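Take this structure, written in structure tokens, and hold onto it; I'll ask about it next.
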Amino acid sequence: LIADFTKNWTRPDNIFGTEHITDALIECTMNPSQRGPCTDHLPIITIIELKTPKMDKTPQCNWRNVDWTDFNDKLKTLLSPYSAIPLASNDKFQIAAKRMTKAITDTIDQCIPHSRPSPHSKRWWTKDLSNFCRHVNHLSCQAYQMRAILNHPCHDELKRTRHQY
């Protein structure tokens, strides 16, 4: 920082940070060569090493993109050879449970697409949220076009929709 009248160099009084950030601080310097025209401040270059949480990189089942009619048809095909019989004993029950479990897992392996998400992806973000975001943006543009008409219904609709978003 340079004083206006005396042109003396000064330093800022306030430094914001916590004790926890000092371990992650790699470099904190200023660069006078990047000083903007007609400014009294110098850019402070701070490099902080932050660790971002990584997701598991194993491919996972993408349950959102399942063709459920195809899934049900394949499951019926795998379960059709076995007739519905009363399960009178524990052994018969265990055998039937193993058959059903195998049929379900085989159907999952055949019909469910796998996805390899980015390690930085937002797991909570869905296609519905993307569509809703586009709708809010459309309403925002419409409200901007009608900004001179204060009682236009698009303003109320935008307010309600943003509140839901």
Side-chain angles (χ1 to χ4, degrees), residues 14-29 31 34 43-147 149-165:
N14 301 322
I15 296 175
F16 299 100
T18 63
E19 295 173 2
H20 307 307
I21 201 76
T22 56
D23 296 334
L25 188 66
I26 294 175
E27 182 181 357
C28 184
T29 60
N31 192 347
Q34 290 184 349
I44 297 173
I45 300 168
T46 307
I47 300 174
I48 301 172
E49 181 180 5
L50 298 176
K51 296 188 179 11
T52 57
K54 301 277 185 182
M55 281 184 18
D56 189 16
K57 291 187 178 182
T58 58
Q60 297 181 355
C61 293
N62 189 353
W63 294 98
R64 293 180 186 148
N65 295 338
V66 177
D67 182 8
W68 289 106
T69 54
D70 183 43
F71 183 88
N72 288 333
D73 291 343
K74 289 204 178 175
L75 187 59
K76 284 178 189 175
T77 304
L78 290 175
L79 290 175
S80 62
Y82 308 111
S83 59
I85 56 170
L87 304 174
S89 69
N90 186 26
D91 293 336
K92 287 185 179 180
F93 176 78
Q94 294 299 329
I95 291 170
K98 285 180 183 176
R99 284 182 192 155
M100 184 175 287
T101 303
K102 182 167 176 26
I104 292 172
T105 54
D106 289 349
T107 306
I108 288 173
D109 291 340
Q110 292 174 11
C111 298
I112 307 295
H114 291 293
S115 65
R116 186 176 286 268
S118 165
H120 307 291
S121 69
K122 303 172 191 171
R123 288 190 226 183
W124 49 269
W125 194 266
T126 62
K127 288 182 182 177
D128 294 336
L129 278 174
S130 295
N131 293 335
F132 206 61
C133 182
R134 274 194 288 281
H135 181 63
V136 169
N137 287 342
H138 174 74
L139 287 175
S140 179
C141 289
Q142 188 178 15
Y144 180 76
Q145 291 172 352
M146 301 296 172
R147 66 186 178 275
I149 306 170
L150 298 177
N151 60 352
H152 195 275
C154 70
H155 300 293
D156 293 331
E157 185 181 359
L158 175 63
K159 190 174 183 180
R160 280 193 310 274
T161 309
R162 268 203 183 137
H163 182 68
Q164 290 175 353
Y165 180 61

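None of these values were measured; they are calculated from a predicted model. Just so you know, residue 1 is the first one in the sequence shown, and it goes up from there.
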- Please work out which of the three classes, parallel, tilted or perpendicular, describes the rings of Trp63 and Trp68, given edges at 30° and 60°. parallel
- Indicate whether any N or O donor in one side chain lies under 3.5 Å from an N or O acceptor in the other, for Asn131 and Arg134.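 Distance-only check passes for Asn131 and Arg134.
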Around atom NE2 of His163, are there more than 12 heavy atoms from other residues, nucleotides or ligands closer than 6.0 Å?
no
Checklist line | Side-chain heavy atoms of Phe132 within contact of Gln164, under 4.5 Å | finding: yes
### Task
Give, for atom CD of Glu49 and atom CD1 of Ile21, the distance between the pair rounded to the nearest 0.5 Å.
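It comes to 11.0 Å.
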For Ile48 and Thr46 the tightest heavy-atom approach is CG1-CG2, 3.8 Å
- Task: List the atom of Ala143, the atom of Cys154, and the distance in Å for their closest heavy-atom pair.
- Result: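 Answer, listing the atom of Ala143 first, then Cys154: CA-SG, 3.7 Å.
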Rounded to the nearest 0.5 angstrom, the NZ-OG1 distance for Lys102 and Thr107 is 10.0 Å
Correct closest heavy-atom pair for Leu158 and Val136 would be CD1-O, 3.8 Å
message = Could you work out, with side-chain contact (heavy atoms from CB on, under 4.5 Å) as the rule, every residue matching Phe93, not counting sequence neighbours?
response =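 For Phe93, the residues satisfying side-chain contact (heavy atoms from CB on, under 4.5 Å) (neighbours in sequence not counted) are Leu87, Asn90.
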Nearest heavy-atom contact between Ala103 and Leu79 is CB-CD2, 3.6 Å
*Partner residues of Asp70 under the side-chain contact (heavy atoms from CB on, under 4.5 Å) criterion, sequence neighbours left out*: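 Scan of Asp70 (side-chain contact (heavy atoms from CB on, under 4.5 Å), adjacent residues dropped) gives Asp67, Lys74, Cys111.
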Classify the angle between the aromatic ring planes of His152 and His155 as parallel (below 30°), tilted (30 to 60°) or perpendicular (above 60°).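 His152 vs His155 ring planes: perpendicular.
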**Prompt:** Are Asp23 and Leu25 close enough that some pair of their side-chain heavy atoms sits under 4.5 Å apart?
**Reply:**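 Asp23 does not reach Leu25 side chain to side chain.
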Separation between CG (Leu75) and OG (Ser80), nearest 0.5 Å, reads 10.0 Å
Are the side chains of Asn65 and Lys127 in contact, using a 4.5 Å heavy-atom criterion? yes
Looking only at heavy atoms, the pair that brings Ala88 and Lys92 closest together is N-CD, 4.4 Å
Between His114 and Cys61, the two heavy atoms sitting closest are CE1-SG, 3.6 Å
CD of Gln145 to OG of Ser140, rounded to nearest 0.5 Å, is 10.0 Å
### Test item: Arg147 side-chain N/O and Tyr144 main-chain N/O as donor-acceptor pair under 3.5 Å
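Yes, because the side chain of Arg147 sits within donor-acceptor range (under 3.5 Å) of the backbone of Tyr144.
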In this structure, OG1 of Thr77 is separated from CD of Gln110 (nearest 0.5 Å) by 9.5 Å
Report yes or no: does Thr101 contribute a side-chain atom to a donor-acceptor pair with the main-chain N or O of Ala97 at less than 3.5 Å?
yes
